[in-house]
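This report refers to the structure that appears directly beneath it.
Source: prediction; values computed, not measured. Worth knowing before you read on, the calculation uses all heavy atoms, side chains too, and leaves out hydrogens, waters and symmetry mates.
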2 protein chains.
Amino acid sequence: MVTMSDVARVAKVSATTVSHVINKSRKVNPETEKAVRDAIEVTGYAADGIARSLRTGRSHTLGLAMTAISNTYFGDVVHAFERTAAARGYSLILTDTHDTPERERRALRDLLSHRVDGIVLAPSAAPEAAYAQLTRRKVPLVLIDRVPPKPLPRVDAVGVENVEPIARLVEHLVVTHGHIRIGMLAPQAGIITTVERVAGFRIGLERAGLDPDTAPLEYGGESFEQTTASLNSMLGLPKPPTALVLGNNLVTVAAIAALRKRHLTPPQIATVSFDDFPWADSFRPRLTTMSQPVDEIGAMAVQLLLERIENPGTEPRQVRLEPTFMVRESCGCPPDDLS
Amino acid sequence: MVTMSDVARVAKVSATTVSHVINKSRKVNPETEKAVRDAIEVTGYAADGIARSLRTGRSHTLGLAMTAISNTYFGDVVHAFERTAAARGYSLILTDTHDTPERERRALRDLLSHRVDGIVLAPSAAPEAAYAQLTRRKVPLVLIDRVPPKPLPRVDAVGVENVEPIARLVEHLVVTHGHIRIGMLAPQAGIITTVERVAGFRIGLERAGLDPDTAPLEYGGESFEQTTASLNSMLGLPKPPTALVLGNNLVTVAAIAALRKRHLTPPQIATVSFDDFPWADSFRPRLTTMSQPVDEIGAMAVQLLLERIENPGTEPRQVRLEPTFMVRESCGCPPDDLS
DNA sequence: TTGTATGCGTTATCAG
DNA sequence: CTGATAACGCATACAA
């Protein structure tokens with residue numbers, strides 16, 4: 001490996017000077033500078049980020065800890081995150097929390113040991129240990145996807161609005177399409193977003209004069225099979241729902257598959273779902289959905305984190321982005337004008 | 001920050017002993033060990049990976065450099081990669097090459113500055129500079145997705161078989177379904193996989209007694225719009241093809257959308273495509289595809305890389321995984337027995 | 001305008 | 001079985 005001393009020797013200057021020309025951290029004679037730059041060229045020197053980090057305490061690295069399977073998030077959010085971070089000169093370390101408290105702890109420990117300058121975390125259903133771990137080390141932290149409820153912890157967070165958009169979906173089912181037996185297939189129980197979406201479901205029902213307590217509600221999202229089983233148990237009811245609220249993209253794909261098996265393709269049974277798909281317009285059934293602004297979420301997470309890093313004293317912010325209502329045909333609604 | 005010296009002070013031993021306890025690198029008296037472990041507990045000490053890396057020269061970090069937009073790869077491969085790496089005690093740094101030589105260089109420079117123990121790279125269309133950069137630094141390297149052609153460079157690589165599977169797709173079109181005017185919408189020109197898939201297309205045509213030189217062939221994959229334009233120009237031919245080979249998942253989604261606009265839903269026009277979708281069975285048209293084993297590809301990349309790291313002297317290996325032929329209905333073939 | 005000395009937190013060498 | 005010491009490659013306080 002070629003180090004700064006090697007460059008210094010070739011350029012016949014001190015390592016200090018080399019460091020300063022690289023970092024532009026003090027004035028140096030143009031001739032000297034040229035000698036140094038030439039020496040760098042000749043030796044093929046590349047700065048060692050590790051040594052630099054040890055010395056400065058900053059790694060120019062951001063940690064992203066989330067689960068890879070749930071949510072549409074993974075691919076798109078990671079992509080947006082990497083792009084935004086790279087644009088600001090930061091690299092990305094990725095770890096999978098598997099949405100379990102134990103793996104979450106491990107993921108954060110790994111991130112911490114790499115001395116990341118900040119962490120973006122999609123908290124598991126029981127993130128207390130993780131929070132403690134993080135606050136003890138005072139690492140800048142931004143929560144993503146799941147924004148903690150009311151007695152707000154002092155932490156930055158970015159996520160999407162869930163309650164009203166789901167209520168809006170229910171309203172669509174009731175008001176526009178006249179359904180009165182509406183069921184919900186929710187994502188993994190315990191996760192904050194699930195709690196909020198179920199709340200939105202109940203609120204939507206109430207507003208429509210329907211009874212939330214008698215409305216069919218099942219939790220899926222653990223696996224394809226478990227989701228399928230949940231849906232089937234709902235459909236096996238004496239009076240099965242005529243319309244379905246699907247709580248996220250994972251649940252949606254499993255549900256459509258299960259419905260197909262029962263020869264119940266939307267809009268034969270009406271569905272609305274959270275999360276959109278890039279291919280939603282090209283393939284049938286064309287699903288009516290709430291589309292999350294995944295790119296903005298990833299970019300905003302980086303944005304909040306960098307601001308926190310640069311300005312640790314400021315008040316934490318919670319950002320709620322708005323999903324977009326995509327009306328298509330899974331409720332039987334508009335004429336199929338695109339096919 | 002709490003360091004090893006702090007722990008040592010609390011445990012009333014030397015830092016050396018603390019280090020040895022942590023790394024189990026030499027025998028230490030059970031009592032001493034307990035004292036150290038207690039001190040670690042009390043102080044909440046966590047090892048500093050940066051300092052450790054500087055000293056040992058190993059970062060326990062793997063770099064993954066690929067483009068996030070092209071290919072089905074991104075999400076799934078990254079996921080499999082992270083899982084396999086984590087299981088072996090390695091973290092993952094992710095960088096986007098944007099499939100351009102310039103960004104590729106930058107991505108690798110970043111990885112190198114983080115002193116990753118090895119790099120997995122999906123090479124751009126002109127990766128020479130990247131190779132030079134890497135071999136100069138002697139970083140263990142594995143190529144992913146795109147396996148370099150014949151005069152094999154001395155480098156590990158993992159990818160999927162392209163030529164024969166695409167030829168097989170063409171055969172399906174000709175032999176099973178009697179098409180003789182077959183066009184191909186290929187992915188981004190220049191990429192090795194594209195070259196191979198186009199070669200497979202031509203070979204398939206030849207075997208069927210068709211003339212490859214007069215067969216319509218367009219390159220897409222740059223963007224949704226560009227892909228759409230390519231397809232439309234092919235469909236605008238005096239004698240447009242009655243069957244289409246779609247070169248990857250990106251091209252496929254754009255193509256189906258464009259076909260829809262022309263009221264040409266498969267199997268009205270026959271299509272076969274490379275890359276499968278998790279939702280392929282639930283949504284119409286149900287596409288006949290070649291499905292890549294994305295999980296295995298990601299896992300194998302890590303596997304090859306770790307073997308190279310542990311055993312630098314061995315002969316490089318090129319691994320070609322087999323895609324799976326998923327016969328569905330986009331050629332009008334089997335009765336719709338699943339709907 | 002430039003150089004010397006020191007230390008970041010860890011592990012390896014050597015000595016006890 | 002344990003400890004003192006040096007070194008990894010760099011950035012900075014201080015000195016010249």
Starting from the 5' end of DNA chain C, give me the residue, A:Lys12 or B:Ser25, whose nearest nucleotide shows up first. A:Lys12
Which nucleotide in the list C:dT10, D:dC10, C:dT11 gets nearest to the side chain of B:Asp48? C:dT10
A:Gln188 vs A:Asp99, test: side chain to side chain contact (heavy atoms under 4.5 Å, CB included). Steps then yes/no. CA-CA 10 Å; A:Gln188 210 183 334; A:Asp99 264 352; 3.8 Å; yes
Could you check whether A:Arg37 pairs with A:Glu33 (Lys NZ or Arg NE/NH1/NH2 to Asp/Glu carboxylate O, under 4.0 Å)? yes
B:Asn23 CG to C:dG9 P, in whole Å, measures 17 Å
Is any side-chain nitrogen or oxygen of B:Thr3 closer than 4.0 Å to OP1 or OP2 of C:dG9? no
Roughly, in whole Å, what's the span from CZ in B:Arg9 to P in C:dG9? 12 Å
Please report, rounded to the nearest Å, how far the P atom of D:dG3 is from the CD atom of B:Glu33. 14 Å
Whole-Å distance separating the CG atom of B:Leu54 from the P atom of D:dC10: 9 Å
Whole angstroms only, please: what is the CD1-C1' distance between A:Ile50 and D:dG9? 11 Å
Does B:Ala47 reach a base, just sugar-phosphate, or nothing at all? Heavy atoms under 4.0 Å. sugar-phosphate
Can you tell me which nucleotide in D:dC10, D:dA11, C:dG3 comes closest to the side chain of A:Ala51? D:dC10
Any salt bridge between B:Asp48 and A:Arg115, counting N to O under 4.0 Å? yes
Length of the NE2-P vector between A:His60 and D:dC10, whole Å: 16 Å
Quick one: label A:His20 by what it contacts on the DNA or RNA (base, sugar-phosphate, nothing), any heavy atom closer than 4.0 Å. base
Count the heavy atoms of every other residue, nucleotide or ligand shown that sit under 6.0 Å from CD of B:Glu310, and state whether that count exceeds 12. yes
Counting any heavy atom closer than 4.0 Å, what does A:Met4 reach on the DNA or RNA strands: base, sugar-phosphate only, or nothing? sugar-phosphate
Rounding to an integer number of Å, can you tell me how far B:Met1 CE sits from C:dG9 P? 7 Å
Given the rule in the side chain to side chain contact (heavy atoms under 4.5 Å, CB included) test, do A:Val139 and A:Leu108 qualify, once you have shown the distances and angles that lead to the verdict? CA-CA 11 Å; A:Val139 192; A:Leu108 294 178; over 6 Å; no
Going by an N to O cut-off under 4.0 Å, is there a salt bridge joining A:Asp110 and A:Arg106? no
Check whether the side chain of A:Thr16 and the base of C:dT4 form a donor-acceptor pair under 3.5 Å. yes
Considering every strand and a 4.0 Å limit on heavy-atom distances, what is the contact class for A:Arg58: base, sugar-phosphate, or nothing? nothing
Taking the nucleotide of DNA chain D with the nearest heavy atom to each, does B:Thr32 or A:Ser5 sit closer to the 5' end? B:Thr32
Can you tell me whether the side chain of A:Arg26 and the base of C:dT2 have a donor-acceptor pair closer than 3.5 Å? yes
Looking for any heavy atom pair under 4.0 Å, which part of the strands does B:Ser53 touch: base, sugar-phosphate only, or nothing? nothing
I want to verify a distance call: between C:dT1, D:dA11, D:dC10, whose nearest atom is closest to the A:Thr56 side chain? D:dA11
Whole-Å distance between C:dT2 C1' and A:Glu31 CD? 14 Å
Measure from the side-chain heavy atoms of A:Ser19 and tell me the nearest of C:dG9, D:dA11, D:dG3. D:dA11
Measure distances between side-chain N and O atoms of B:Arg55 and base N and O atoms of C:dT11, and say whether any donor-acceptor pair falls under 3.5 Å. yes
